[in-house]
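Comments concern the structure below.
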Amino acid sequence: MSDTTVQDGPVLAADGTPLKRSLARALRVQKLRALMLIAPLLIFILVAFIAPIVDMLFRSVENQITSETLPRTVVALESWDAEGLPDDDTYAALAYDFMEAAERRRHTRLGSRLNYETTGISSLFRQSGRGVDDIGEDYADQFHDLNALWEEPATWAALMGAPDWVEDATGAEGTGQPFRLSVSAMETLPETADAYRSFARTVQEEDDDNPTAEEPWNTVYMALYRDLSRNDVSGYDGPMADLLAEAAAAVGDFTGMSPSEAWIDVNDDWGDREVWATIEAFSDPYTAGYFLTSIDLRLTPDGIEAQPEEQRVYILLFQRTIFMSGMITLMCVLLGYPIAYLLSNLPSKSSNLLLILVLLPFWTSLLVRTSAWKVLLQQQGVINDILVWIGIVADDNRLALINNQLGTIIAMTHILLPFMILPLFSVMKTIPPSYVRAAKSLGATNFTAFRRVYFPQSIPGIGAGCILVFILAIGYYITPELVGGRTGTFISNRIAYHISSSLNWGLAAALGSLLLALVLVLYWVYDRIVGIDNVKLG
Amino acid sequence: MNLKSLMLLTTGASMAATGAMADGHMANSMTLVSWGGAYQASQVNAYSDPYVAMNEGLEVIWDESSGEAVARLRAMNEAGNVTWDLVDVVASDAMRLCDEGLAMEIDHDEVLAPAPDGTPATEDFGDLIVSDCFIPQIVYSTTVGYRTDVAEWNGNTPTDICAIFDTENFPGQRSLERRPIGNLEWALICDGVAMEDVYDVLETDEGITRAFAMLDTIQDNTVWWTAGADTPQLLADGEIVMGSTYNGRLFSLIEEQDQPVAMLWDAQVFDLDGWIIPEGLPEDRLARTLDFLRFATDTQRLADQAAYISYGPARASSAPLVGQHATLGIDMAPHMPTDPANATRTFLFNYEWWADYRDDMDARFQAWLAQ
């Protein structure tokens, strides 16, 4: 009790610092040392596993491609009310965007992207890429007829470029300085300046040409016509002022197709409201479109709608995947339980031998086992031959055992069986045989003893086996691909298809995320019903 | 760090390694991409083995990924690292890659050797140069093989393409390729559309519905294949009674393996296959690729290839040089899809149409298959 005075202040360590702080420091050093030891693995997992997965999952919502490829169109579409067709300004914006995208060969990529949402857009974009050069040609011809100076690249450069840029770029080797707009052109002819800038930059970056030596695209002439017919250029006193004044006086008599007419001339589908609706719906940089597609819905400006009948496949595939994985799990329990029981009750000499027979196929390559099933199950295969030989089936009516759901269930049951037997075996091994003997000695029949004494003790093994087999089955894709035919494939086969063939990585990522979520939900349900603590792996 | 930079980082090391090995201005290794199987073997025999014999120390790596060439090149381009030097693709894929800026545009007369009599390459290849990026090698066709020993057919044998859809007279399993090309055209032809109108009809919604309705009638009897070797294997096993595949595969099944199989030339779908150079190769690799390309597409080499596989050489000047099979010693000319006896009713496959509509049709076809 003589130490009571010490309790007033903090407890001190031997070196005088408070014990609490000293202890924390020691612990921190220990933790740091532990962290350093696992750091290589941690970094490896982060870089090689977590980061790619996060990046991949991010693709399920990412959609910058529309606003990057068609920036002006996306802005112009914001004022569109989704009734009827967009106005001429939007069509003109599309012409400037599309011309640049086609020169940079980016339009097909956007076409493929939008084709995921509305089939037909890919071909529309590809064809338009070839026709977009013609838009504005009628105006270009009339400007040329008005004054031959409009055909001169130098005229355009002088009119549009900042004076010091024109000086640097004229006659320069190669591409010249990066293009800069003149302020007066920007103020007087905003649309033309914008269109010319995209021409000049594209020519410099894509073709390594100098804009002072290249005649602008026809769309630039169209922009000039539109500017001159709307804006007053009388206040302009920059280079080529006379030429511009002459053109401004003449444009009133120009004739030519309006931007919307020109586009519909390139391809009729530009007069289809649905094409515009798709561009509008996917103009945001982030989209729920991939997730909606994954559950057979689609995004339109009018809201979320069901997919057309012929496109609805994903819910069906999810249901099929769950149903077939359940069937495979059930088959594995039915086949695996007696085998595991036998293994655990035989003397260890013969049970070891039998265990090897379980493990040997387990160690054999997946592809070898799957191919073996192809040989066994096909219509002219071993099993059908035997059935015909013993007279169970007629020769002209052989069973279709492969390239359908049945084939997938048979092959995958075989492949996943060891994952059921091994946990069952390890649990059954620990059940003392004396319990069943005791039950029998108390008067239970064989069946009652099994049902009331043995079976309840083996449930943790069933639980572990089921969850292993089910989760493995739900993500399988090689075996269903090889033996599943059309009706026996899983959702994972679609994911693989979108990753490697259609390159719709966004949809693949969304489907993958849903599959992951589904597994987690099932795990949670399983935990509530069976209890994950009951699962024993050995 | 995103996926792209990660891939850049990991492949940077291997790029540096190839750069260090470069000797002078030509790379010492090149990666050629083709279709595998008998076709790739014919290319190895006719092109790359003689070329390696002329160039000591050159390492030629063959990849068998041509089936996914478009997807893989798009992915490589996105990752900013192209590891392939020369890729064997069909004409419509070449056009797609060219449109997307993934294949290099070339001047055919400058890059390719003229014919022995001095005819420039563009004239020698003629119409087969269907795109600025495409260097044709062969003309092949997708056609149908059938077993000759099917008891249920009561001695009948198919005489035209519509036997595929005729399950009454020709019962049994069929195999068709797991892609829309060819299948949709055949379905329409057998639904009564004239050959020259097929693509016009297919462009309409009703036309597509009609084609799929026709395919619906045999869906339960069809195995869908993805590799060119599948149909020959299934035919040899007796798993199917008829199936579509490339004519060269059927040639090897019938002539080299002596199976009870015959083939239909009716409505064979003509197609072209050739090289493209991926866009953006470093200078030393490009120099090596161009050197090889000039050698591998000259008149003699294209004719040599026909000694190993029954595909027609793409050069007009190669045709007279086509001789006998390298090991069997049989005349190859009657087995070529271009032989007049075989080409009485040929379906002209429209590359341009397929380059435009492939994405659309793939989407519909895959959805139809899954339902």
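As the structure is a computational prediction, the values presented were derived from the model and not from experiment. Basis for what follows: all heavy atoms, side chains included, without hydrogens, waters or symmetry-related copies. Chain naming here is simple, since letters A, B, ... match the order of the sequence lines and numbering starts at 1 in each.
Within the 4.5 angstrom heavy-atom criterion, no atom of A/Arg106 approaches chain B. Neither the backbone nor the side chain of A/Arg104 has a heavy atom closer than 4.5 Å to any heavy atom of chain B. The contact between A/Tyr497 and chain B is made entirely by side chain atoms (from C-beta outward), counting heavy-atom distances below 4.5 Å. The parts of B/Arg96 that come within reach of chain A are both its backbone and its side chain, each placing non-hydrogen atoms under 4.5 angstrom from that chain. Residue A/Arg494 touches chain B through its side chain alone, counting heavy-atom pairs closer than 4.5 Å. Contact of B/Ala151 with chain A is not made at all, since no heavy-atom distance falls under 4.5 Å. Interface residue A/Glu309: only backbone heavy atoms are found under 4.5 Å from chain B. For a residue to count as touching a neighbouring chain, one of its non-hydrogen atoms must lie under 4.5 Å from one of that chain's; by this rule B/Glu352 does not touch chain A.
The nearest pair of heavy atoms linking B/Ala370 to A/Leu316 is O-CD2, 3.7 Å. Taking each heavy atom of A/Thr119 and B/Ala363 in turn, the nearest pair found is CG2-CB, 3.7 Å. What you find for B/Asp360 and A/Ser123 is that their closest heavy atoms are OD2-OG, 2.8 Å. Here the closest heavy-atom approach between residue A/Ser501 and residue B/Ala71 is recorded as O-CB, 3.8 Å.
No more than 12 heavy-atom neighbours from other residues, nucleotides or ligands sit within 6.0 angstrom of CD on B/Glu283. By the 6.0 Å contact criterion, CD on B/Glu110 is open, its count of non-hydrogen atoms from other residues, nucleotides or ligands being 12 or less. Crowding of B/Phe212 atom CZ: a count of heavy atoms from other residues, nucleotides or ligands under 6.0 Å exceeding 12.
Chain B forms more heavy-atom pairs under 4.5 Å with one residue of A/Ala400, A/Gly120, A/Ser502, A/Gly129 than with any other, namely A/Gly120. With chain B as partner, the option from A/Arg486, A/Gln379, A/Arg130 having the largest number of non-hydrogen pairs under 4.5 angstrom is A/Arg486. Counting heavy-atom pairs closer than 4.5 Å to chain A, the top-ranked of the candidates B/Gln219, B/Met361, B/Arg178, B/Arg74 is B/Gln219.
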B/Trp368/A/Glu310 under side chain to side chain contact (heavy atoms under 4.5 Å, CB included): CA gap, chis, key distance, verdict = CA-CA 7 Å; B/Trp368 174 79; A/Glu310 71 271 11; over 6 Å; no
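A salt bridge between A/Arg105 and B/Asp99 is absent, with no side-chain N of the basic residue lying under 4.0 Å from a carboxylate O of the acidic one. A salt bridge links B/Glu78 to A/Arg59: at least one charged side-chain nitrogen sits closer than 4.0 Å to a carboxylate oxygen.
Counting only N and O atoms by type, the side chains of A/Gln127 and B/Asp356 include a donor and acceptor under 3.5 Å apart. A donor-acceptor contact under 3.5 angstrom links the side chains of B/Asp359 and A/Ser112, judged on distance only.
Interatomic distance, A/Asn403 CG to B/Glu239 CD, rounded to the nearest 0.5 Å: 7.5 Å. Here the straight-line distance linking atom CD of B/Gln233 with atom CD of A/Gln378 works out to 8.0 Å at 0.5 Å rounding. To the nearest 0.5 Å, atom CG of residue A/Leu124 and atom OH of residue B/Tyr357 are 9.0 Å apart. A distance of 12.0 Å separates CG in A/Asn504 from CG in B/Asp362, rounded to the nearest 0.5 Å. Between the CG atom in A/Asp396 and the CD atom in B/Glu152 there is a gap of 6.0 Å [rounded to 0.5 Å].
In this structure, the side chains of A/Gln380 and B/Asp237 stay at 4.5 Å or more apart for every pair of heavy atoms. In this structure, B/Glu100 and A/Arg126 have side chains that are in contact, with non-hydrogen atoms separated by less than 4.5 Å.
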